[in-house]
Each structure stands twice: as structure tokens, then as C-alpha cells.
S.K.: 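Quick one: the structure is below, and I'll ask about it shortly.
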Amino acid sequence: MTDLAAFYRAYIDCLNRRDWDRLGDFVDAAARHNGREFGLAGYRAMLEQDVREIPDLRFVIGLMACDPPLVAARLDFTCSPRGRFLDVDGRTVSFSENVFYEVRDGRIVQVWSVIDRAAIEDQL
């Protein structure tokens with residue numbers, strides 16, 4: 001991978017466009033998320049569920065650092081989750097997600113993610 005930052009920006013663009021058919025260009029078939037074996041299908045299902053619960057979800061890179069094969073990012077969100085997402089139920093909230101990715105052979109193979117739940121709870 002010659003430019004990990006460009007790869008990551010393209011991945012975020014793919015998510016924001018909801019281009020699920022291209023997700024495999026970025027995520028490995030055997031990808032893991034927070035230690036769980038998700039695979040590409042499970043990863044896609046998780047993202048599709050997120051979008052169903054948060055229709056206005058938009059991934060915004062607040063911070064990013066690359067040290068191949070790792071990408072570290074702080075993703076910033078302002079959105080109006082509906083349903084059961086952290087008991088927000090339609091209110092607009094702003095929060096961040098701190099996430100680390102391991103990229104091997106041009107695909108994300110591992111993701112470690114933590115959502116700033118305290119920031120959400122402070123707004124409710």
C-alpha cells in the first residue's frame with residue numbers, strides 16, 4: 001500500500017456513499033471487529049444496521065494518523081439516531097469514535113473501536 005491515508009479516505013467515502021458493493025475493496029473477507037470474527041458479510045451487516053438506526057449517519061475524519069500497517073482515527077458524528085441506539089431516540093447528538101485499523105494486503109483485517117458514550121449521555 002503506497003498511501004495508507006488515501007486508502008482510508010477512500011474507505012470513509014465508500015461508507016458515506018453507502019456503496020456496500022464496494023466495501024470488499026477495503027475490508028478483508030476475514031475481517032475482525034473488536035476481537036470478533038465478523039468477516040466482510042458481518043461487517044457489512046453491522047454498517048447497514050447502523051444506517052437503518054441512524055439514517056443521517058456521516059463519517060467525518062476528525063483526526064488521523066498512519067503508521068503502516070495501522071491507521072488510527074477519531075471519527076466525529078452529529079446525527080439523530082432513532083430507535084434503540086443508546087436510548088437517543090431521534091434527538092440530535094454529537095460524539096466521536098476512536099478507532100484503529102490494521103491493513104494487510106490492501107484490505108482492513110482488524111478494527112478496534114470505542115464510541116464516546118459519555119459524550120452522548122451528557123447530551124441526554
Side-chain angles (χ1 to χ4, degrees):
M1 174 105 357
T2 57
D3 190 346
L4 198 52
F7 167 85
Y8 186 68
R9 285 186 191 97
Y11 163 71
I12 293 297
D13 181 61
C14 176
L15 299 183
N16 284 331
R17 287 184 291 107
R18 316 293 196 250
D19 192 356
W20 309 131
D21 291 336
R22 286 207 51 232
L23 191 60
D25 293 348
F26 303 96
V27 177
D28 190 79
R32 298 176 63 84
H33 181 267
N34 286 345
R36 295 177 296 170
E37 294 182 23
F38 258 33
L40 176 58
Y43 199 82
R44 177 177 174 163
M46 175 187 67
L47 290 166
E48 289 174 334
Q49 179 66 31
D50 289 347
V51 170
R52 277 192 297 277
E53 291 182 3
I54 313 169
D56 62 346
L57 184 65
R58 178 158 175 76
F59 297 79
V60 177
I61 301 170
L63 296 170
M64 176 177 50
C66 299
D67 186 14
L70 302 176
V71 175
R74 181 174 177 92
L75 300 175
D76 297 323
F77 303 94
T78 297
C79 54
S80 305
R82 60 183 185 201
R84 58 181 182 81
F85 179 83
L86 300 176
D87 296 323
V88 173
D89 202 18
R91 290 179 261 186
T92 299
V93 292
S94 296
F95 62 96
S96 296
E97 176 184 18
N98 296 305
V99 62
F100 294 85
Y101 304 84
E102 180 181 355
V103 179
R104 298 274 179 205
D105 298 323
R107 302 280 188 283
I108 296 167
V109 296
Q110 295 263 11
V111 180
W112 299 273
S113 162
V114 177
I115 292 174
D116 185 355
R117 293 174 183 258
I120 296 170
E121 291 168 359
D122 287 346
Q123 297 170 67
L124 300 179

S.K.: Apply side-chain contact (heavy atoms from CB on, under 4.5 Å) to the pair Trp112 and Glu102, showing each step before the final yes or no.
M.R.: CA-CA 9 Å; Trp112 299 273; Glu102 180 181 355; 3.9 Å; yes
S.K.: State which residues pass side chain to side chain contact (heavy atoms under 4.5 Å, CB included) with Arg74; sequence neighbours excluded, sorted by chain then number.
M.R.: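 For Arg74, the residues satisfying side chain to side chain contact (heavy atoms under 4.5 Å, CB included) (neighbours in sequence not counted) are Leu63, Asp76, Ser96, Asn98, Asp116.
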S.K.: Checking Asp56 side chain against Ser80 main chain: does a donor-acceptor pair fall under 3.5 Å?
M.R.: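 A pair under 3.5 Å: yes.
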S.K.: Angle between ring planes, Phe77 versus Phe59, binned at 30° and 60°: parallel, tilted or perpendicular?
M.R.: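 Answer is perpendicular, since the angle exceeds 60°.
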S.K.: Parallel, tilted or perpendicular: which fits the ring planes of Tyr43 and His33, with parallel below 30° and perpendicular above 60°?
M.R.: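 Answer is perpendicular, since the angle exceeds 60°.
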S.K.: How far apart are the C-alpha atoms of Cys14 and Phe26, what are their side-chain angles, what is the distance that settles it, and do they pass the side-chain contact (heavy atoms from CB on, under 4.5 Å) test?
M.R.: CA-CA 9 Å; Cys14 176; Phe26 303 96; 3.7 Å; yes
S.K.: Given the rule in the side-chain contact (heavy atoms from CB on, under 4.5 Å) test, do Tyr11 and Val27 qualify, once you have shown the distances and angles that lead to the verdict?
M.R.: CA-CA 9 Å; Tyr11 163 71; Val27 177; 4.0 Å; yes
S.K.: Quick check: closest heavy atoms across Pro68 and Leu4, and the distance to 0.1 Å?
M.R.: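 Of all heavy-atom pairs spanning Pro68 and Leu4, the closest is CA-CD2, 3.9 Å.
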S.K.: Is Ile61 reachable from Leu15 through a run of hydrophobic residues whose side-chain heavy atoms are each under 4.5 Å from the next?
M.R.: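 Hydrophobic grouping puts Leu15 with Ile61.
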S.K.: Between the main-chain N or O of Thr78 and the side-chain N or O of Arg58, is there a donor-acceptor pair closer than 3.5 Å?
M.R.: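 No, because the side chain of Arg58 does not come within donor-acceptor range (under 3.5 Å) of the backbone of Thr78.
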S.K.: What pair of heavy atoms forms the shortest contact from Leu40 to Gly24, and how long is it?
M.R.: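 Smallest interatomic distance, heavy atoms only, reads CD2-CA, 3.7 Å.
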S.K.: Side-chain heavy atoms under 4.5 angstrom apart, residues restricted to Ile, Leu, Val, Met, Phe, Trp, Tyr: same cluster for Val60 and Phe95?
M.R.: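 Val60 does not cluster with Phe95.
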S.K.: Starting at CZ of Arg52, measure out to CG of Leu47 and round the result to the nearest 0.5 Å.
M.R.: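 Reported to 0.5 Å precision, the distance equals 10.5 Å.
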S.K.: Does Gln123 use its side chain to pair, donor to acceptor, with the backbone of Ser94 at less than 3.5 Å?
M.R.: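 Confirmed, Gln123 side chain pairs with Ser94 backbone.
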S.K.: Would you sort out whether Arg104 and Asp28 count as a side-chain contact (heavy atoms from CB on, under 4.5 Å), showing the intermediate values?
M.R.: CA-CA 9 Å; Arg104 298 274 179 205; Asp28 190 79; over 6 Å; no
S.K.: At their closest point, which heavy atom of Arg107 faces which heavy atom of Asp25, and how far apart are they?
M.R.: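 Smallest heavy-atom distance, with atoms named: NH1-O, 3.4 Å.
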S.K.: So which atom in Arg9 and which in Met64 form the shortest heavy-atom distance, rounded to 0.1 Å?
M.R.: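 Result for this residue pair: NH2-CE, 3.3 Å.
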S.K.: Applying a strict under-4.5 Å side-chain criterion to I, L, V, M, F, W and Y, I'd like to know whether Val103 and Val99 cluster together.
M.R.: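 Yes, one cluster joins them.
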S.K.: How would you list, by chain and number, every residue that makes a side chain to side chain contact (heavy atoms under 4.5 Å, CB included) with Arg18, sequence neighbours excluded?
M.R.: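 So Arg18 forms a side chain to side chain contact (heavy atoms under 4.5 Å, CB included) with Asn16, Trp20, Val51, Leu57.
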S.K.: Would Ile54 end up clustered with Leu75 when hydrophobic side chains under 4.5 Å apart are linked, directly or stepwise?
M.R.: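 Same cluster: Ile54 reaches Leu75 through Ile, Leu, Val, Met, Phe, Trp or Tyr contacts under 4.5 Å.
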S.K.: Could you state whether Tyr8 and Val114 fall into the same hydrophobic cluster, counting links through intermediate Ile, Leu, Val, Met, Phe, Trp or Tyr residues with side-chain heavy atoms under 4.5 angstrom apart?
M.R.: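 In one cluster: no.
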